[in-house]
Structures are given as C-alpha cells and as structure tokens.
2 protein chains.
Amino acid sequence: MSGTEVVERARAILGPAHVLVGPADTAPFLADWRGRYRGAALAVVRPADAAQVAAIVRLCAETGTPLVPQGGNTGVVGGAIPDDSGRSLVLCLSRLTCIRDVDPIGDSLTVEAGCTLAAVQATAEEAGRLFPMSLGSEGSCQIGGTIATNAGGTAVLRYGPMRDLVLGLEVVLPDGTLWNGLRALRKDNTGYALKHLFIGAEGTLGIVTAATLKLFPRPQSVATGFLALPSLDAALQVFAQLRGALGDRVTTAEILSESQLASVLAHVPGTARPLGTLMPWYLVVEVTDPMQGLDLAARLEDLLAIGLEDGSVADAAVARSQAQANAMWKLRHSVSEANRKSGIVVGHDTAVPVARIPDFVAHATMAIERVRPDARVVAVGHIGDGNIHLVAILPDSLRTSGEPLDRIAQAISAAVHEQAIALGGTISAEHGIGQSMRDALAAFKGPAEMALMQGIKQLFDPQGLMNPGKVVAARH
Amino acid sequence: MSGTEVVERARAILGPAHVLVGPADTAPFLADWRGRYRGAALAVVRPADAAQVAAIVRLCAETGTPLVPQGGNTGVVGGAIPDDSGRSLVLCLSRLTCIRDVDPIGDSLTVEAGCTLAAVQATAEEAGRLFPMSLGSEGSCQIGGTIATNAGGTAVLRYGPMRDLVLGLEVVLPDGTLWNGLRALRKDNTGYALKHLFIGAEGTLGIVTAATLKLFPRPQSVATGFLALPSLDAALQVFAQLRGALGDRVTTAEILSESQLASVLAHVPGTARPLGTLMPWYLVVEVTDPMQGLDLAARLEDLLAIGLEDGSVADAAVARSQAQANAMWKLRHSVSEANRKSGIVVGHDTAVPVARIPDFVAHATMAIERVRPDARVVAVGHIGDGNIHLVAILPDSLRTSGEPLDRIAQAISAAVHEQAIALGGTISAEHGIGQSMRDALAAFKGPAEMALMQGIKQLFDPQGLMNPGKVVAARH
C-alpha cells in the first residue's frame, strides 16, 4: 500500500483534523527539543483514545508501516523521533488526557498516557495525596513517556523510578490488541511480569495508553539544607549518616561540584551562594515527613552539627523560610541552563554502586581530560542513586574550528562509559537508550542478554514496526 | 540417553555424595511440607556453586532431562515438586550459601540462592542494616525461592514484595549460560527488564543462583497496637488515617476476623485476648521509625483516640512492653497452626484493590456458604495490600464421609476466585502459581496475555525442560 493510502486510511479513522501532513504542522514532532535528532514521517496522527490508538496500530500492522509513539517530546536520547525515511507515522498521545479514576482509599489513580506529569501531580494533590515523581520537564512530559522511559528525577531516592510507581498498564500490542492490565493491585503473582517489560521499553514492544499509579501521603513537614563538603567521600559519609538517622525522610540528596555551582552563578541571573565557604562539593538535601508540625530543620541542624564536628561537613545552612529553600533549589534546577550557556555540552547519565562514586568521578574526570584537555568537567547528580551526570563542557570556539564535534563527543562519552562499566556501573541510569545509545547498549550488555532482548522484540513485534531503530536493532 | 547415564554424568559433575537416588534420601525432596503434592525423580542433585548449577543445566539441555529447582521447599502451590514421571532431576540449591558481599555504604548485599531468609536477615543485622522481608517460613525458606516466587509477607506494606528488594540477579539460563546481572545499581535504564522476568517465574525461565538485595536502616523506635473494629469499612478508615498521619512508619497492618481469632484462642496454647471487647475484626498494627528515642506508642495512642471518639475503633491496646507486643504478634503468627487443628483447610491468596476489601469479603464469604453450608469462614491478611486470605474450614468428619475432598475444595476456590476477579482482583497475590493454580491462571489471564507468556517461555526454554508443568503449560 502506498504512503498516500495509509494517510487516507488514518484520516478515515481519526478524522482529517488529526492527521497532520504539512511541513509546518509536522515540524515540531520531527525534531527533539535540543535539535539533535531530526526525522521525517508520512504523517503525524493524533488519536483521541485507546481505541483509536489500537485502530492506528492495526493499520500499521496491516500495511507494514513503522510507528513512532511520541509523548511530550522531552527526551534526550532521540527515542521519540522517527528516522529520515519518511515511511513512518508519528503517533502523538497528547489527546489521551482523561483522568479515569482517583482512589484515595487504595492510594491510586488511573490516567491516560497523554496527561502531563504536572497534571497528574495536581490531580493527586486535589485528592490530598502525593504523586512523587519530579522532573525538570514535568510541565510538558507525559505519563506515557515517563513510563516508556522508566523516568527518574529527584525523588527516586525516596520513591523509586517510574517502574516502582506503576501498579497497572493498558497497552496496545503491536498487532492492535488492547491489553487491559490496569489492575490496581499492590500484589499480583500471576505469571511473568509483562508490565515490567513494557516499562522502559520505549515503545518498542507496544504503546502504553493508560496507567494505574501509586499515590502517597503528602509531606507536611519539610526541611531543606545546603552543605559544603571537602570531598565525595565526605559526601557519602554525611549521606549515610543522615539516612541512617532519618531513614526515608531523606527524600532528596542532590550533589553539585564547585565547577557546576560556579557555572550556575556565572550564567543564571538571580542565583547566589548560600554559603561563604568554597568547597569542591555541595549537597542539597531535602527532608520530609507526612506528620504535621515536626521541626525537621532543628533535627537536620543537630545531625549536621555532628558532621561539622568531625570534619565531614565544612559548612552548612538550613533554610529558615520557603524563599531560602527555593533559592537553594534554584541552584540545582538551573544546571542545564547554565551549562548550555557556558559552552558545548557533552552530558552523561551513568550510575555506579553508591560506594564507587568517588572512584568513578575521579577516574572519569581524568579520562575526559586525557581525551580533551580543553574540556571543563562539571558534575551534578543524585548521590543516593549512584547517578552522577558528568558533563564535559567544550569551548564554543570549537564550533567554528572545523573539528568534528560528533566525533569529539563520542570519544569523550566512550571514555566516561568505560570508567562506569569498569566499576560495575551502567551507561544509562535514567535517560534510556533511544537511538543515541543503541550501539553502545549492544556492546555493554554482551551477547546472551542482547539475544534475549532481540528475541523478546521479535516475539512482541515480529514485523519490527514499533519504534524501529530504538533500544535494540532488528534481528536479521 | 538413559536415565542411568544422566545420573552417572551428574555424579561425574558433582561427586557421588551429591547425587541422591535412594528412596530414603530423596523422599524429603519429592513431597511438599503439607503433603499435598508428590512426585518422582531420577535423582536429587546438590550442586555446590553457580558453575555446578550451570553444568547440571547443560547436562539437562543436552539430554532432554526435565529439571525442577528447589529451595527450602516451603511453598504452598506445588511449584518445587516434580511430576510423577520419574524423568526429572530435582536441583536442590541448599549448598549455595555464600554471602558474597555486604556493602553498608550502598545499602546492598549479595548472597547465593541457598541462603535462608533468616541468614540474610542476620547478615544485614550484623552490618547494622535491615533486610525487611518477613515470612512465617523465614528460618527455612531460601532466597532463591523467595525470588522465584516473588514472596510477600508481613512487611510488603512498607518495603514491597521481593521484586522491590532485588537490585540484581545471577541466573543460569536454560542453555546453561551463566548470566551475570548482579549489578548493585539503584537505577539502570538499559533495555528490557530481564531481571523482572526471572522474578516470579518460579524457575520456568532459568535458575537464580545469586542476588544483590537492598538493605534499609534498622528501626530504632517501635510501637505495636491491637485494635478491635466494628467493620471492614471501619478498618479501612482507621488504616487510611494512620497511614495519612504516620506515612511509611506504618510498616505492618494485619487483619484477623473474630472467627480467626477464636480459632487461634481455641487451638493454640499460650494465647489470650488482648482486649475484653469482642468485635468482628481486629487489626495488629506495627509502627516503626529509624530515629531513636521516639515515643511512637504515645503517638499511636493519640491517633487511636480519634478513632475511639468517632466510633471507627471500638477498643484498642498499645503494647507497653516487648512481651505485650510479642503476645499480640503470636495471635497473628498462629493462624496456620490453629486452622490446621480446627478442620480441613481450603485457603486462598486473592487480592483486590484496597477499597474493595469489604465487598470482596462479604461476597466471597456468602459464595463459600452457598457452596458448602457446613464451611466455617475465617479471614486473615494484609489490609494495606488488599490481600485477604479467606479460609474455608470444613469439618474433619468429611474425611471419612466418602465425599471427594478435592472436588469440594475446587468448588469453594472457584467461587472465591470468581468474586475476586469480579472486583478487579487477582487469584494469586503472593503464593504464586506452581502446579495448583496453573489451569486457573490460563482462565484468569485471557488469550492475549497467555500467548505472550507462552511465547516468553518458548523463547527462554525452547525444549520446555525448566520446571515443566508450572506457571504456563507447554505450547504445542
């Protein structure tokens, strides 16, 4: 069947208004927000509900048309962008925005894939509950995408990644079958965990159309602290001490290098150092409790006094107002903006076992400097997750130097990944594989695991039409 | 190859002392502890380490010999018992007891499959940490089995089932490949979640030989309460209020019906009512905190006072000593013993969405009474998980009545399962499928999901040798 006929049939299913073909209409869906990945498509289709998604998937299965699902298009690995063949349909989930159910007794809610993360957070709040996932892109990223990529963010330490927050899924399978796995159950030991295959599969095994998610009690007491630390070993010591004393009250522990903080202060208006003491590392710590009226700030100060005494903490401030807390958080939330303004960014998403963080950062920083002595290395990340984003910033002058930027970035990333792998780590902690990490994944996993992954892909999607070229290459 | 030759080759791999063939030696491995499932085997083999497990699996793959892995043999669905063909090897994991690593900084430990749950708890305690899973069989059940069955227990409310406690796995695949997935990572988004396929697969996709598990801070403050409640609706109201106020401090919330408590008091020596008030339902609640010196008992009393005021709580006691707390827990832990002593037990492991518990218990109790007016129904379970074990107790006189007990039990279970399914529930919350629930699973899941499960089984184990007849039937 010709591409024109596929588009005609899509129009018959969705109505002409929801099948976009003109270049101006489709352009926002054919490139990622950073402009690093570009593709082409027969059309961008916008179904209204799961039944229409299933009809489009059936159309693709019948006509051999590749399908690329897309949520908020906020990813960083090119997972939602089609290839440049122009043969694909891009399936936009944005119209699936129904909140199907809120259950405050069972602490769950059921939402459609196109709901933004912010909308889900707001729905939970209206019910007096917390949906804990928190991401920089929460205003525009969609729940379907956060499930497809098993998104992380700053609350993983306490609440886990998206995988831990999903009770049930509704998925359109590659043959167009609508699988209803929306059970709002806390326990279900009935066979193989299909749910977990779809989570993190980036749309290569089926399309998530709705999810039942866990809710939590809302924090009623909060304290925020900013710590200056002499070393990463000291940071681990302080973190272990806080977690040992406070348990899961330590909801967030974000680390920044001095080089990262300096970049933020230099490039982002309205930021200021919370402390006079300059140290190589800083930790932004948030402590929360669902119990009302606790003086967590006093408790945090008591614990930090121990660190100040034994030297693991060089200096510390505990916010005494929401404005002070916001100022601390602004430093953390401004790192992407600051880094983009300070040069050419080559970022990474490695994780290592928590105890190996100091070795990893030392070795990987040296490795970057060996590859590019002109790179400045900054670090920001989630210390309790072992997930430190090591970022190499290259001088903007390189853009006009004629040097091949892609190849420079690849050499830097290969060096960083090598260090993470050597320490038992991973090359993608929370961003996923998409197209940018696909070849690196095959090298990372080894043949036994890749063979199983390719077998699963073949089993679920024998025609290879679901988000082709992402995660695993086709098996031929 | 003949069975004799398979046994000879197993002897060459393991040494003759670790290949058991005599009836007296093999008998304990060929029946479950309740005596409900019996099978036969060529031999029981006892490898010493993962390499020997891999060698035995390769032997089975080469010779077409079925293999049944067995841990502590504490399951209740016949998952570790071979069929009666006598063609299988039973692979006993008990000699794989090495604690490979303890990492108090990363809060993880790596243990081999044959370690008992109690040994893992003790190892964590020595490191000043908590491994939270808690089961009645913890002294004899093995970690490999708890992973293979995604075990639950009384701490799921706070810490999740086994699936949530596993960071990484080492698995011998059905072709004898040793897959090292023992990454001690809190985040890892690199492709399909193979780990989650092995968890809960009951040895049908491969054999878990070691695992890296999460550790937690130890509770330092504890309070235990025993509540008498007028209804299940009241129980849900109190539970929601406690969880809203205390969050994850509510680590356990176990519910017992008055009929269940009466059975315990009648049949188990050394038990006594903690309260003078008789009510249809009781809740044993444990509240814990890693912070030292908190008066959680006072806090719990304050919260229960609200319930006593509004009528949701009829009476309550908060333990003022460890002895009082132990006495409360003894009531909960004695239910299996009491029920066995009081008649013929037909137990269930359903779960429903938490808010549907009252409807489920009402409907399923009536359904049992319709099937067997002579059945006494008792209920015990994990209210926060929606997992109520509804138990029908039939008079012992039935044993000599000539009536077919198996068919009576099947009729009762079908009626209970029907009610759970009608309320969006599951027929197996924490016990798994094994052989006893296999046919019920196929009816429960529907064709699309069963086809995917059978496809996964076929992909991983094309010869169908790994724990055959469990979870999914072979596809022919």
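Protein chains get the first letters and strands the later ones, always in sequence-line order, with residue 1 at the start of each.
Shortest non-hydrogen contact noted between A:Q292 and A:S221 is C-OG, 3.7 Å. The two residues B:D164 and A:K214 come nearest to each other via the heavy atoms OD2-NZ, 4.4 Å. Residues A:G79 and A:N467 come closest through the heavy atom pair O-ND2, 2.9 Å. Between A:I388 and A:F360, the shortest heavy-atom contact is O-CE2, 4.3 Å.
Residue A:R356 holds its CZ atom at 9.0 Å from CG of B:D103, rounded to the nearest 0.5 Å. Between B:T288 atom OG1 and B:F216 atom CZ the span is 11.5 Å, to the nearest 0.5 Å. A distance of 8.5 Å separates CG in B:L185 from OG1 in B:T190, rounded to the nearest 0.5 Å. Rounding to the nearest 0.5 Å places CD1 of A:I427 at 5.5 Å from CD1 of A:I433. Atoms CG and NE2, on A:N150 and A:H196 in that order, are 9.5 Å from each other to the nearest 0.5 Å.
Within residues 232-243 of chain B, the residues approaching chain A closer than 4.5 Å by heavy atoms are, in numerical order, B:L236, B:R243. Using a 4.5 Å cut-off between non-hydrogen atoms, the part of residues 174-182 of chain B that approaches chain A consists of B:T177, B:W179.
Counting only heavy atoms from C-beta outward, the side chains of A:F444 and A:H417 never approach each other to under 4.5 Å. With contacts defined as side-chain heavy-atom distances shorter than 4.5 Å, the pair B:L167/B:R186 qualifies. At least one side-chain heavy atom of A:K457 sits under 4.5 Å from a side-chain heavy atom of A:M466. A heavy-atom distance below 4.5 Å is not found between the side chains of A:M437 and A:D349. Contact of the B:D359 side chain with the B:L423 side chain is registered, since non-hydrogen atoms from C-beta on lie closer than 4.5 Å. Within the 4.5 Å cutoff, side-chain heavy atoms of B:P104 are placed close to those of B:R129. With a 4.5 Å cut-off on side-chain heavy atoms, B:M453 and B:E449 count as touching. Between A:V171 and A:K195, every side-chain heavy-atom pair lies at or beyond the 4.5 Å cut-off.
Top candidate by heavy-atom pairs under 4.5 Å with chain B, chosen from A:R299, A:R218, A:E202, is A:R299. Contact count against chain A (heavy-atom pairs under 4.5 Å) is highest for B:D188 among B:L157, B:V354, B:D188. Between chain A and the residues B:G424, B:G168, B:P161, the most heavy-atom pairs under 4.5 angstrom are made by B:G424. Your options are A:Q220, A:E430, A:H431, and the one with the most heavy-atom pairs under 4.5 Å with chain B is A:E430. Per-residue heavy-atom pair counts under 4.5 Å with chain A were compared for B:G446, B:G432, B:G200, and the maximum is reached by B:G432. Contact tally against chain B (heavy-atom pairs below 4.5 Å) for A:G160, A:S108, A:G191, A:P219: the top residue is A:G191. Among B:A245, B:G384, B:G386, the residue making the largest number of heavy-atom pairs under 4.5 Å with chain A is B:A245. In terms of heavy-atom pairs under 4.5 Å with chain B, the best-connected choice from A:D248, A:I199, A:I357, A:V471 is A:D248. Of the listed residues (A:P217, A:A429, A:G247), the one with the most heavy-atom contacts under 4.5 Å to chain B is A:A429. If you tally non-hydrogen atom pairs under 4.5 Å between each of A:A355, A:A448, A:G106 and chain B, the highest count goes to A:A355.
A donor-acceptor pair is defined here as one N or O able to donate and one able to accept, closer than 3.5 Å; such a pair exists between the side chain of A:N189 and the backbone of B:T149. Judged purely by atom type and a 3.5 angstrom limit, B:D295 uses its side chain to pair as donor or acceptor with the backbone of B:A298.
With a threshold of 4.5 angstrom between heavy atoms, A:L215 approaches chain B through N, CA, C or O but not through any side-chain atom. Only the side chain of A:D289 comes within contact range of chain B, judged by heavy atoms closer than 4.5 Å. Both the backbone and the side chain of A:L452 come within contact range of chain B, judged by heavy atoms closer than 4.5 Å. With a 4.5 Å cut-off on non-hydrogen atoms, B:D385 touches chain A through its backbone and its side chain both. Contacts of A:R163 with chain B are made by side-chain atoms alone, with heavy-atom separations under 4.5 Å and no backbone atom involved. Interface residue B:L246: backbone and side-chain heavy atoms are both found under 4.5 Å from chain A. When heavy atoms are compared at a cutoff of 4.5 Å, A:N387 approaches chain B solely by way of its side chain, counted from C-beta outward. With a threshold of 4.5 angstrom between heavy atoms, A:L173 approaches chain B through side-chain atoms but not through N, CA, C or O. In this structure, chain B has no heavy atom under 4.5 Å from any part of A:T212. In this structure, no portion of B:T350 lies under 4.5 Å from any heavy atom of chain A. If you measure heavy-atom distances from A:L194 to chain B, the contacts under 4.5 Å come from the side chain alone. Proximity to chain B involves both the backbone and the side chain of A:I456, based on heavy atoms less than 4.5 angstrom apart. For a residue to count as touching a neighbouring chain, one of its non-hydrogen atoms must lie under 4.5 Å from one of that chain's; by this rule A:K445 touches chain B with the side chain only. For chain B, the nearby part of A:R249 is the side chain; its heavy atoms alone come within less than 4.5 Å. Heavy atoms of A:A201 lying under 4.5 Å from chain B belong to its backbone as well as its side chain.
A donor atom on one side chain and an acceptor atom on the other are found under 3.5 Å apart for A:Y192 and B:T204.
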Practice prompt. Apply the test side-chain contact (heavy atoms from CB on, under 4.5 Å) to residues A:I147 and A:V166: give CA-CA distance (whole Å), side-chain angles for both, the deciding distance (0.1 Å), then the verdict.
Written response: CA-CA 8 Å; A:I147 292 167; A:V166 173; 4.1 Å; yes

